[in-house]
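Presented below is the structure to which this report refers.
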Amino acid sequence: MITLDAPQVQRPTRSSLVPGLIFMGTVVSIISSLGAPLIPTVAADDHVSLGAAQWSLTITFLVSALATPLMGRLGDGPHRRTVIIGSLGVVTLGAVLAALPFGFVLLLVGRGLQGVGLGLTPLGIAVARDTLPPDRGRSTTAMLSITTVAGLGLGYPITGLIADHGGLHAAFWFGAACSAAALVVAALVVPSSAHHPRQRLDVLGAVLLGAALAGLLLAISEGEGWGWGSARLLGVVAVALAALAGWILLELRRSYALVQLRLLSLRAVLTGNVGALFAGIAMYLLISLVTRFVQTPASSGYGLGASAAVSGLVLLPFSAGSVVANRITHTLIRRTSAEALLSVGSAVGLIATLLFTFARASLWEVATLMGIAGLGVGIIFAVMPSLIVGAVPRQETGSATSFNQVIRYVGYAAGSAMSAVVLEARTVPGHLLPAAGGYTVAGLIGCGVWVVTAVVSLALPRLPHNRTTTGNQS
């Protein structure tokens, strides 16, 4: 009997492997974005509040926080192919459950299962590092990193258009078809890693990290509804921080740790993870502001009154800019350092956020600034894998890149929550819409986050050199 990790599937042709990995990454990103533009539709169709409908997005990030580190560690061993194919099977099942018209609870279960897919991109990066020659591997890992950005710009308009013409469940059936196609592609192109040594799994570490990240993401996502000073919120944060402290102590003591925290002492790894956090905050802050601003009724005196589908189309330039960034970065990284390009990307993101803050009177202006934002974010996420992959041992690739991915998700959730908090603070009691100045204040905060990202990118690489063994070793 042939198993999923059998040697017969060890070496697909390079021409099929690279587009196959990129296709899988793009599909996962599109599916993960299905929740955001459909929240009002979910609330209306399933007769729940907007706050409850928000869980159709929140639960995806919560499950990803639990699954991604575990998948990363499993993917560093002999069962990577099994993990990738099995995860895509779970994502496909989740999409089908979400598509069935059997109520809100089943939809939440389906969206939760889809969250498993967010852990697949780091595994694709590990496959590329193992299978491709160095130069081709670097360009492929950069493109895989960008799929998490480009997929948002593709997923939002596609979801909006399908939902507008076919309804809520048609959008999730589209997701089911895409994930099923990715499952077939994975079965055809993903090579075996059966030759890798078996690694002991840190189950307790996975539980503690998952609890910590899930608690923090839950607090960020629900803070506005619960109240930022409420006992429930403070209790969740306290438990999350205790779990995080316990996880750190455990990982520093274990030889088979889920994440080798000592690798964070490497300047490149530290720069990549801190940069991912702040870039994720700034990126999602801008995206959340733009999608809400574009759909604000023109009767407000400042909104553009566009539909959900049009607000999604405004993000297409964001995807296009991120793809262009990958092409540019591949050339520039040969002439300068990855750390320098992080600061360049931050500067471009700053320009885009400044434009939103002071020049957002028409759709073409918003579309233009989103193209610029995609260019900046794309540069950052294109060089980030090279920082981490080039610094950690080969056997730690999946784990290290998975941890970086989780840090991004925390940034995404924080940026989204930050936009909601600022706009809520600038909403007059009894009114549904914030004052126009709320968007200006939130935009200025976003500018500040980009400045911090640039400073971090320049300062952290100048920390005293650490002699920890680097990732050039096998």
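Numbering of residues begins at 1 and proceeds along the displayed sequence.
Contact of the I287 side chain with the M370 side chain is registered, since non-hydrogen atoms from C-beta on lie closer than 4.5 Å. At a threshold of 4.5 Å between non-hydrogen side-chain atoms, the residues M71 and T68 do not count as touching. A 4.5 Å side-chain heavy-atom check between P317 and T368 finds every atom pair outside the cut-off. The shortest side-chain heavy-atom distance between F172 and L107 falls under the 4.5 Å cut-off. You'll find the side chain of V290 stays beyond 4.5 Å of the side chain of F318, heavy atoms only.
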Return a table of donor-acceptor pairs under 3.5 angstrom between the side chains of residues 229-237 and protein atoms on other chains or two or more places apart.
from: S230; atom 1: OG; to: W226; atom 2: O; distance (Å): 3.3
from: S230; atom 1: OG; to: G227; atom 2: O; distance (Å): 2.9
from: S230; atom 1: OG; to: L233; atom 2: N; distance (Å): 3.2

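Take V324 and apply the side-chain contact (heavy atoms from CB on, under 4.5 Å) test, not counting sequence neighbours, and it matches I328, L375. Not counting sequence neighbours, the partners of V456 by the side-chain contact (heavy atoms from CB on, under 4.5 Å) test are V274, F278, V452, L460. Listed by chain and number, the residues in a salt bridge (Lys or Arg N to Asp or Glu O under 4.0 Å) with R408 amount to none (sequence neighbours excluded). Partners of A340 by side-chain contact (heavy atoms from CB on, under 4.5 Å), not counting sequence neighbours, listed by chain and number: T336, S337. Partners of S179 according to the side-chain contact (heavy atoms from CB on, under 4.5 Å) rule, which considers only residues two or more places apart in sequence or in another chain, are I31, V91, T92, A95. Applying the side chain to side chain donor-acceptor pair (under 3.5 Å) rule to T60 yields the partners R111; only residues at least two apart in sequence or on another chain are considered. The side chain to side chain donor-acceptor pair (under 3.5 Å) search around R292 returns none, not counting sequence neighbours. Scored by the side chain to side chain donor-acceptor pair (under 3.5 Å) test, W450 finds T353 as partners (sequence neighbours excluded). Looking at residues two or more places apart in sequence or on another chain, you find no side chain to side chain donor-acceptor pair (under 3.5 Å) involving E339.
Residue pairs meeting the ring-ring contact (aromatic ring centres under 6.0 Å, His included) criterion with at least one partner in residues 333-362, sequence neighbours excluded, are F293-F356. For the side-chain hydrogen bond (donor to acceptor under 3.5 Å, both in side chains) condition, the pairs that include at least one residue of residues 270-282, sequence neighbours left out, are N273-N404.
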